[in-house]
Protein chains: 2
Amino acid sequence: MITYKKVLQDAGITPSMQRIKILEYLDKNRVHPSADTIYKALKKDMPTLSKTTVYNTLKTLVEHNVLTELSLYDNEIRYEYNQDQHIHFKCIECRKVYDIDKKYKCYKNEIIEGHKVLDHQVILKGVCKHCLEKRKK
Amino acid sequence: MITYKKVLQDAGITPSMQRIKILEYLDKNRVHPSADTIYKALKKDMPTLSKTTVYNTLKTLVEHNVLTELSLYDNEIRYEYNQDQHIHFKCIECRKVYDIDKKYKCYKNEIIEGHKVLDHQVILKGVCKHCLEKRKK
DNA sequence: ATCATTGCAAACACTTTGCATACGC
DNA sequence: GCGTATGCAAAGTGTTTGCAATGAT
């Protein structure tokens with residue numbers, strides 16, 4: 001059984017209560033949350049938690065490749081623990097982000113036109129299933 | 001010959017000096033500028049230009065499909081006039097954005113898992129050619 | 001005269017920074 | 001005890017909003 005503590009240690013990050021809880025939240029709530037969403041959710045059980053700690057932790061986790069940063073037009077960074085290849089669909093009406101299980105030619109770790117690729121993202125923008133339904137009414 | 005005035009009219013936007021200048025800047029400076037970059041560049045020749053107008057105009061142009069919004073990790077929106085299919089490479093060191101001429105299966109205007117796709121973007125993140133060179137030294 | 005566009009200032013939202021306190025080996 | 005992690009407050013940055021002034025037909 002893999003614990004969050006072990007995930008952090010394997011990534012070379014000193015485990016702490018805050019770090020474990022943040023990682024756990026991202027593992028159990030696969031909704032591409034922002035720093036603020038994570039902060040508000042965890043604040044309930046950890047009243048002393050600071051937003052700075054959330055930002056610090058997320059930055060550390062991204063630097064150690066435990067999390068992926070998503071840039072999804074909202075002028076806020078969203079975070080994701082899922083490392084399987086998939087694409088993102090962002091609804092321009094409800095702002096929700098859906099994972100779409102489609103494969104694509106990934107350039108990660110390749111050299112393209114001389115540039116070293118470290119991350120590859122595919123983002124679709126549009127109107128989601130549910131918002132399309134609402135429009136019909 | 002296609003004028004910026006005509007591009008705006010065809011898109012259903014009332015042409016104005018400000019709007020024409022902003023569109024012209026984006027056509028002639030294909031560097032994926034932010035609102036602030038555009039503002040600072042145009043301010044020189046148009047001292048009365050307001051940042052609000054830049055934001056208003058960019059929003060209008062995006063809504064009418066004249067421009068594309070890019071979300072490139074910087075917590076600022078970048079804008080692009082080029083509508084040809086290509087992918088973006090963002091350097092994490094110098095922050096520059098490169099256009100890469102690679103084709104991909106585009107889902108634009110298709111329905112995917114019930115969602116209507118209006119825009120499709122591919123973003124690579126990594127270290128660019130020039131920053132790789134600098135590292136070697 | 002009317003309606004849309006422009007522009008200023010203030011408000012907002014997300015993130016970062018500086019620094020003091022607390023924690024863990 | 002020492003080095004790192006945490007947390008508060010303030011500052012920084014990009015964007016939006018309210019509203020008055022301006023401009024075009």
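Note: hydrogens, waters and symmetry copies are ignored here, and every other heavy atom, side chains too, is used. Letters A, B, ... mirror the listed sequences (proteins, then strands); counts begin at 1. These numbers come from a predicted model, not from an experiment.
Partners of B/Glu69 under the salt bridge (charged side-chain N to carboxylate O under 4.0 Å, His left out) rule, at least two apart in sequence or in another chain, are A/Lys125.
Within 6.0 Å of the NZ atom in A/Lys116, the count of heavy atoms belonging to other residues, nucleotides or ligands exceeds 12.
With hydrogens and angles left out, the side-chain atoms of A/Thr57 and A/Gln18 include no donor and acceptor closer than 3.5 Å. In this structure, a donor-acceptor pair under 3.5 Å is present between the side chains of A/Tyr73 and B/Gln121.
Of the charged side-chain nitrogens involved, at least one lies within less than 4.0 Å of a carboxylate oxygen, so that A/Glu93 and A/Arg135 count as a salt-bridged pair. Between A/Glu133 and A/Lys129, no side-chain nitrogen of the basic residue sits less than 4.0 Å from a carboxylate oxygen of the acidic one, so the salt-bridge criterion is not met. With respect to the salt-bridge test (charged N to carboxylate O, under 4.0 angstrom), the residues B/Arg95 and B/Asp74 qualify. Of the charged side-chain nitrogens involved, none lies within less than 4.0 Å of a carboxylate oxygen, so that A/Glu80 and A/Arg78 do not count as a salt-bridged pair. Ion pairing between A/Lys21 and A/Asp45 fails under the 4.0 Å rule for side-chain N and carboxylate O.
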Should A/Glu110 and A/His115 be marked as a side-chain hydrogen bond (donor to acceptor under 3.5 Å, both in side chains) after you check the CA-CA gap, both sets of side-chain angles, and the distance that decides it? CA-CA 8 Å; A/Glu110 292 186 18; A/His115 315 309; over 6 Å; no
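Residues from residues 38-50 of chain B lying near DNA chain C, meaning a heavy-atom separation below 4.0 Å, are B/Thr48, B/Leu49, B/Ser50 in numerical order. Contacts with DNA chain D (heavy atom under 4.0 Å) in residues 17-30 of chain A: A/Gln18, A/Arg19, listed by number.
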Take nucleotides 12-19 of chain D nucleotide by nucleotide from the 5' end and write B, S or -, depending on whether a protein heavy atom sits under 4.0 Å from the base, only from the sugar-phosphate, or from neither. --SBBB--
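A cation-pi arrangement is absent between A/Lys51 and A/Tyr55 under the rule of less than 6.0 angstrom and at most 45 degrees off the ring axis.
Look at A/Thr53 and you'll find a side-chain N or O under 4.0 angstrom from OP1 or OP2 of D/dG7.
A rotation axis mapping the C1' atoms of four pairs onto the next four is fitted at both ends of the helix from C/dA1-D/dT25 to C/dC25-D/dG1 over five pairs, and the angle between these axes is 20° to 10 degrees.
Taking 4.0 Å as the cutoff to heavy atoms of chain A, we find the contact window on DNA chain C bounded by C/dC14 to C/dT17.
Clustering ILVMFWY residues whenever any of their side-chain heavy atoms sit less than 4.5 angstrom apart, transitively, puts B/Leu49 in the very cluster that holds B/Tyr79. Residues A/Ile77 and A/Leu26 share a hydrophobic cluster, clusters being chains of Ile/Leu/Val/Met/Phe/Trp/Tyr side chains in contact below 4.5 Å. Transitive grouping of hydrophobic side chains (ILVMFWY, heavy atoms separated by less than 4.5 Å) brings A/Ile38 and A/Leu61 into a common cluster.
Here A/Tyr98 and A/His88 keep their ring centres 6.0 angstrom or further from each other.
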